[in-house]
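I have placed the structure first, in the form of structure tokens, so that the comments after it can refer back to it.
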There are 2 protein chains.
Amino acid sequence: MVTIYDIAKLANVSAMTVSRVINNTGRISESTRARVKQVMQELNYVPNSMARSLVKQETKMLSLLITDITNPFYTTLARGAEDTAMRNGYKLLFGNSDEDYAKERDYVDMVLSTRADGVLFAPAGDGSAEHLRMLQRRNVPFVILDREVPGIEADHVLGDSREGARRLVEHLLALGHRRIAMVGGRQDVSTARLRYAGYLEALKLADVPFDSALVHDVGYTAVEGFAFVDALLSAEAPPTAVFAANNFLALAVIRALRERGVRVPEDLSVVCFDDFGESIVLDPFLTVARQPAYEFGSLGMQLLIERIQGAAGAAPRKIVLPSELVVRQSSSALTGV
Amino acid sequence: MVTIYDIAKLANVSAMTVSRVINNTGRISESTRARVKQVMQELNYVPNSMARSLVKQETKMLSLLITDITNPFYTTLARGAEDTAMRNGYKLLFGNSDEDYAKERDYVDMVLSTRADGVLFAPAGDGSAEHLRMLQRRNVPFVILDREVPGIEADHVLGDSREGARRLVEHLLALGHRRIAMVGGRQDVSTARLRYAGYLEALKLADVPFDSALVHDVGYTAVEGFAFVDALLSAEAPPTAVFAANNFLALAVIRALRERGVRVPEDLSVVCFDDFGESIVLDPFLTVARQPAYEFGSLGMQLLIERIQGAAGAAPRKIVLPSELVVRQSSSALTGV
DNA sequence: TTGAAAGCGCTAACAC
DNA sequence: GTGTTAGCGCTTTCAA
């Protein structure tokens, strides 16, 4: 391990002088600077960032927690966050909670013990409040992404879940559908609640009666049997369309439907929140409310860095990003009776 | 910031005793242990891992470098790596080189300065040798993923690029194709070279003449105009099939073809290396050589941890994971002529 | 323009 | 069982 002392000795200066050269601080004569740099080169010196962080009480490391690393929404978001972090001289540590509170808790412990300067936090759900409070108690700045957590005041970057959901459902209504099912996320997640609210709102505005038999709560990543699909299909008055609360759910639902011989969109229309990237999907099929995933990450990171670099006491800001209705083949006009 | 001294004072013991309680080392009376733990709880103490790492000369942090965070192959690999790291008590730091040597270089600097205990390294290409040697000079253990780098001896987890390519091309040959184009990755990447070699081998075995006009080098992420598609189509004897060196290339090629009015597979068959996950793609269309991405990550991590925990001098191991030919609609029998 | 001393929070090594 | 001392590699503070 090469230390500044090694450099100091060889360059015939004090450790302090070496430190100053490394950090470009203080006044140093050109000759000593050159000599020191020369030795650093030769020894291939790399500063020990732990030692530095220990004294400076800052790590220049930020942390990003997402709930599903396989979901393109989050990987795109991660890119946005990383790009912005890099540009500002921060490193980014990723974590993946898998929508699991226990994993999230572990992650917070890690963030605390590694002394990250701040956290971009996409909460698993309302139960994350406890974890966020741990960060608050430690004065670790954070920005909440995608989902609000009741009781937590902080900077936010959110989507327009309610609005987006309403528009998706209105799209279905415009196509003539009246029996529209909703496959929601868990109700302890704000986006799931809001998408549900948007769904209800659209129905109400159109004077379409609500039928609780058409609503099913399942987790955003739930691939658990999909028995509810049977329930839907065998209902007294089965749905002609399904609104899925996110992209993965929609895909899983369509698969389940197909297995049961139900065609989309001929027999049943399906729409959902969140798109897949075009580099991944050849023939986009789903009608979706597309969210600007990259901006979730880059704007969130922006807020976080501003918060860290000064605006400690400033009032929390909330950015709400609109989604875009993208109509494709998975939804079609209701035909026959 | 709560330190062990705060705990020590309140619990009326020495810092050492607190340290022993935290680490579960040495002999401590039940009463003191209880007292210390109690105080730790009350103060919400979290150990400072930087301070610990500084003295222990180990960080319990590992690093994973991938070349394209948007590619499902790598995100799946990342999951495998993360799961295994976690299970072994390590944290994982992610990095994304974007197939860019400069970014890769920055990343290595970061790894060095954060003193990661080891690195899982998916190199951008042959030019990564320099960066890997930096790690070697610093005695940072690493395992190379997916791509070999000439001149670097290390543990590897690789795919069977040559074999897989050969089988893809043989599949096309079996369908009657004779004019088969190859759209390769950059030739400074081992997998691209091997896939090219497999392509040549299949042609030779089938006594099909090689035509250099049918081969085009482009980067794995190249979405740069795709002028070469025009070249292919306007060739004296245009191809009836295309072998793309990876999944993203295949999609991009198909898009370019469609824009030019060429249908797949009716007018042209397309096959490629690497699949997309089923949670992402509704109707898998591409005929692919599917690699076990998760295992790339989990096995690589396994090797890395073993290397760190003892097998420092052991001979490098090389694991080659087979790929699976998955035939779908993008390839079809040659008709007409 | 340069250096000496002290300390960031923790643990290894040794005493008692 | 428990405590003392020293030091991990760096920067802050103060002095020269």
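Only this structure's heavy atoms are used, side chains among them; waters, hydrogens and symmetry mates stay out. Sequence lines set the chain letters: A, B, ... in the order given, protein chains first and strands last, and positions in each chain run from 1.
When rounded to the nearest whole Å, the span between CD of A:Glu58 and P of D:dT11 equals 11 Å. At whole-Å resolution of the value, CE in B:Met50 and P in D:dT11 are 13 Å apart. Whole-Å rounding puts the B:Tyr5 OH to D:dT5 C1' distance at 11 Å. Rounding to whole angstrom units, CD1 of residue A:Ile4 and P of D:dT12 are separated by 12 Å. In this structure, the CZ atom of A:Arg52 is 16 Å from the C1' atom of D:dC8, given to the nearest Å. In this structure, A:Asn23 atom CG and D:dT11 atom P are separated by 5 Å, rounded to whole Å. Distance B:Leu54 CG to D:dC10 P: 9 Å, rounded to the nearest Å. One atom, CG of B:Leu112, and another, P of D:dG9, lie 15 Å apart when rounded to the nearest Å.
The salt bridge (Lys or Arg N to Asp or Glu O under 4.0 Å) analysis of residues 118-132 of chain A, with sequence neighbours excluded, yields the pairs A:Asp126-A:Arg193.
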Sort me out a list of protein N/O and nucleotides 14-16 of chain D N/O pairs below 3.5 Å, or just none if empty.
none

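In this structure, A:Asn48 and B:Ala15 both approach DNA chain D, and ranking their closest nucleotides by distance from the 5' end singles out B:Ala15. Remark on DNA chain D: of its neighbouring residues B:Asn12 and A:Pro47, the 5'-side contact belongs to B:Asn12, judged by nearest-heavy-atom nucleotide. Heavy-atom distances to DNA chain C give each of A:Val13 and B:Ile22 a nearest nucleotide, and the one nearer the 5′ end belongs to A:Val13.
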Report the C-alpha separation of A:Asp83 and A:Tyr294 in whole Å, then their side-chain angles, then the decisive distance to 0.1 Å, and conclude whether the side chain to side chain donor-acceptor pair (under 3.5 Å) test is met. CA-CA 10 Å; A:Asp83 289 351; A:Tyr294 188 92; 2.5 Å; yes
Check step by step if salt bridge (Lys or Arg N to Asp or Glu O under 4.0 Å) holds for A:Glu82 and A:Arg79. CA-CA 5 Å; A:Glu82 197 199 9; A:Arg79 261 200 111 84; over 6 Å; no
Set out, in order, the CA-CA distance, both residues' side-chain angles and the distance that settles side chain to side chain donor-acceptor pair (under 3.5 Å) for B:Tyr45 and B:Asp6, then state yes or no. CA-CA 9 Å; B:Tyr45 171 77; B:Asp6 302 323; over 6 Å; no
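Using a distance-only test at 3.5 Å, with no hydrogens or angles considered, a donor-acceptor pair links the side chain of B:Arg147 to the main chain of B:Ala124. Judged purely by atom type and a 3.5 angstrom limit, B:Ser19 has no side-chain atom pairing as donor or acceptor with the backbone of B:Ala15.
A distance of 9.5 Å separates CG in A:Leu304 from CZ in A:Arg307, rounded to the nearest 0.5 Å.
The nucleotide range of DNA chain C contacted by chain B, defined by atoms under 4.0 angstrom from heavy atoms of the protein and reported 5' to 3', is C:dG9 to C:dA13.
A rotation axis mapping the C1' atoms of four pairs onto the next four is fitted at both ends of the helix from C:dT1-D:dA16 to C:dC16-D:dG1 over five pairs, and the angle between these axes is 40° to 10 degrees.
At most 12 heavy atoms of other shown residues, nucleotides or ligands fall within 6.0 angstrom of atom CD in B:Glu153. Remark: B:Gln309 CD is packed, more than 12 non-hydrogen atoms of other residues, nucleotides or ligands lying under 6.0 Å away.
With sequence neighbours excluded, the residues that form a salt bridge (Lys or Arg N to Asp or Glu O under 4.0 Å) with A:Asp109 are A:Arg105. Applying the salt bridge (Lys or Arg N to Asp or Glu O under 4.0 Å) criterion to B:Glu306, with sequence neighbours excluded, gives B:Arg317.
Contact annotation for B:Thr32: backbone-only contact, meaning every heavy-atom pair under 4.0 Å involves sugar-phosphate atoms and none involves a base. Across all strands, A:Arg27 comes closer than 4.0 Å to base atoms (heavy-atom distances).
One finds a side-chain N or O of A:Ser19 lying less than 4.0 angstrom from the OP1 or OP2 phosphate oxygen of D:dT11. When the side-chain nitrogen and oxygen atoms of A:Tyr45 are compared with OP1 and OP2 of D:dC10, one or more of them lie within a distance under 4.0 Å. Regarding contacts with the backbone of D:dC10, every side-chain N or O of A:Ser49 stays at 4.0 angstrom or more from both OP1 and OP2.
Side chains of A:Asn96 and A:Tyr74 form no contact here, defined as non-hydrogen atoms less than 4.5 Å apart.
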